[in-house]
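The block underneath contains the structure these notes are about, expressed in structure tokens.
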Amino acid sequence: MSNLSIKATNDGSSTIYNEELDEHYHSIHGALQESLHVFIEMGLNYHVKHNENLQKLNILEIGFGTGLNCILTLIEHLKNEKIAVKYSAIEPFPLNSTSLKSLNFKLSNQHLNLFNKIHESNWEKENIILNNFNISKYNLKLKDFKTNSFYDLIYFDAFAPRKQPELWNLEVFNKLFNFTSINGTLVTYCAKGQVRRDLESAGFKVERLNGPPGKREMLRATKI
Ligand SMILES: C[S@@+](CC[C@H](N)C(=O)[O-])C[C@H]1O[C@@H](n2cnc3c(N)ncnc32)[C@H](O)[C@@H]1O
């Protein structure tokens, strides 16, 4: 963990800086506003709005990191607990509890308790966080992840392509396409042309959308 440090971003929320990769876990313009825009608004809320009468939602996050996308998904879920959420997350380098406790995501006490519960939950097994919200965390790399499940919503939150090119190529997107449900949605903060073309080659229909503050564009891919 010695190569990781906590940094404040421009909206007052925290991120983590990985010195070895010279890369932040979130946009330095605002971690919270980036996650809310890319994953919650353009991903979760879009998917729920365009798939009426959903009773369950299988979500997969690539790069669990601080768990920010997970707690924001849970907070959104609390507004309407009708949809049963199964949240799965892949993370080969889990953060230690000292780092996690130092993060500031501007959470209320109730939400902070849930955030802690998410992080204290066991790896490699399904944990009940709330009645209708379960989480399974997998301590492995995406290349080693195997599943028979189909995911309705994928949060693709790996480090940037120039830092981790092995996570942003056609082979990876073919793999993700295979376990995306029909009408399933994948969102990522990245809008690189090659990434868009590889997602399309894998079979997704891809949209370029406005990015969060400080970033021009992002991508949303749908399996139709
Ligand atoms: C851009 S950060 C995003 C973190 C997280 N979503 C958050 O909000 O804190 C990328 C994450 O991907 C993880 N990661 C690195 N290599 C990976 C791999 N091969 N497969 C899956 N995740 C990986 C990193 O450890 C890091 O936590």
Side-chain angles (χ1 to χ4, degrees), residues 1-9 11 13-44 59-76 87-107 111 114-116 118-119 123-124 135-147 151 153-169 171-173 175-176 179 186-192 195 211-212 214-215 218-219:
M1 304 307 284
S2 59
N3 61 339
L4 302 181
S5 51
I6 312 266
K7 294 269 156 73
T9 66
D11 67 1
S13 62
S14 312
T15 191
I16 293 193
Y17 174 67
N18 180 321
E19 196 180 326
E20 197 181 315
L21 285 180
D22 184 23
E23 185 78 341
H24 292 89
Y25 277 39
H26 306 95
S27 162
I28 51 160
H29 300 286
L32 187 55
Q33 65 187 14
E34 177 186 48
S35 287
L36 282 170
H37 178 83
V38 175
F39 300 102
I40 305 303
E41 284 310 318
M42 300 302 186
L44 176 65
I59 302 178
L60 175 68
E61 176 169 25
I62 319 293
F64 180 66
T66 61
L68 177 57
N69 294 330
C70 183
I71 185 62
L72 294 179
T73 301
L74 178 44
I75 292 171
E76 207 57 29
Y87 197 104
S88 301
I90 299 175
E91 176 54 65
F93 308 111
L95 295 168
N96 65 31
S97 58
T98 314
S99 302
L100 290 167
K101 285 200 170 64
S102 313
L103 293 165
N104 171 18
F105 290 138
K106 307 193 217 177
L107 300 173
H111 296 160
L114 290 168
F115 183 69
N116 292 336
I118 288 166
H119 282 295
W123 291 80
E124 326 304 339
I135 183 165
S136 305
K137 300 181 292 184
Y138 301 100
N139 182 195
L140 40 71
K141 293 186 173 176
L142 176 57
K143 71 175 169 58
D144 300 319
F145 180 66
K146 294 186 178 60
T147 181
Y151 296 94
L153 181 58
I154 297 181
Y155 297 159
F156 195 75
D157 202 9
F159 286 124
R162 68 184 184 289
K163 303 291 171 156
Q164 276 201 305
E166 71 279 14
L167 285 173
W168 301 86
N169 55 48
E171 193 188 340
V172 168
F173 297 138
K175 175 172 175 161
L176 294 179
F179 53 64
L186 177 152
V187 271
T188 178
Y189 65 87
C190 177
K192 213 176 156 210
V195 171
K215 287 199 175 174
M218 58 164 283
L219 298 177

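When reading the values below, keep in mind they use all heavy atoms of this one structure, side chains included, and skip hydrogens, waters and symmetry mates. In what follows, residues are counted from 1 in the order of the sequence shown. In listed order, ligands and their atoms are each counted from 1.
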Protein residue, atom and distance nearest to atom 1 (C) of ligand 1, heavy-atom basis: Tyr25 O, 3.2 Å
Please step through side chain to side chain donor-acceptor pair (under 3.5 Å) for the pair Tyr17 and Asn3, ending with a clear verdict. CA-CA 8 Å; Tyr17 174 67; Asn3 61 339; over 6 Å; no
More than 12 heavy atoms of other groups within 6.0 Å of Lys163 NZ: yes
Identify the two heavy atoms, one from Pro94 and one from Trp123, that lie closest to each other, and give their separation to 0.1 Å. CB-CZ2, 3.5 Å
Taking atom CG of Asn18 and atom CG of Leu4, what is their separation to the nearest 0.5 Å? 5.5 Å
Would you list the atom pairs, donor with acceptor, under 3.5 Å between side chains in residues 35-43 and any protein atom, with sequence neighbours excluded?
residue	atom	partner	partner atom	Å
Ser35	OG	Asn69	OD1	3.0
His37	NE2	Asn210	O	2.7
Glu41	OE2	Asn45	ND2	3.1

Which residue and non-hydrogen atom of the protein lie closest to atom 10 (C) of ligand 1, and at what distance in Å? Asp157 O, 3.1 Å
Just to be sure I read this right, does ligand 1 sit under 4.0 Å from the backbone of Glu166, its side chain, both, or neither, counting only heavy atoms? neither
Structural part of Gln164 in contact with ligand 1, heavy atom criterion under 4.0 angstrom: side chain
Candidates Leu142, Ile90, Thr66; heavy atom nearest atom 9 (O) of ligand 1 found on Thr66
Sidechain N-carboxylate O distance under 4.0 Å for Lys143, Glu171: no
protein heavy-atom neighbour closest to atom 22 (N) of ligand 1 works out as Pro92 CD, 3.3 Å
Using a 4.0 Å cutoff against the non-hydrogen atoms of Gly65, which atoms of ligand 1 qualify? 4 (C), 5 (C), 9 (O), 27 (O)
Has His26 got any heavy atom lying under 4.0 angstrom from an atom of ligand 1? yes
Those residues at least two apart in sequence (or on a different chain) that pass side chain to side chain donor-acceptor pair (under 3.5 Å) with Ser14 are none
Option of least heavy-atom distance to atom 5 (C) of ligand 1 (set: Ala158, Ser14, Ser35, Gly63): Gly63
Phe64 contact mode with ligand 1 (heavy-atom cut-off under 4.0 Å): backbone
Which one holds for Thr15 and ligand 1: side chain close, backbone close, both close, or neither close, with close meaning a heavy atom under 4.0 Å? neither
Numbered atoms and elements of ligand 1 in range of Asn69, under 4.0 angstrom, heavy atoms: 6 (N)
Note: heavy atom closest to atom 25 (O) of ligand 1, options Lys143, Lys163, Glu91, belongs to Glu91
Going by the atom numbers of ligand 1, which of them fall below 4.0 Å from some non-hydrogen atom of Leu167? 17 (C), 18 (C), 19 (N)
In terms of relative ring orientation, are Phe115 and Phe105 parallel, tilted or perpendicular, with 30° and 60° separating the classes? perpendicular
If the plane angle is over 60° it's perpendicular, under 30° parallel, otherwise tilted; pick one for Tyr189 and Trp168. perpendicular
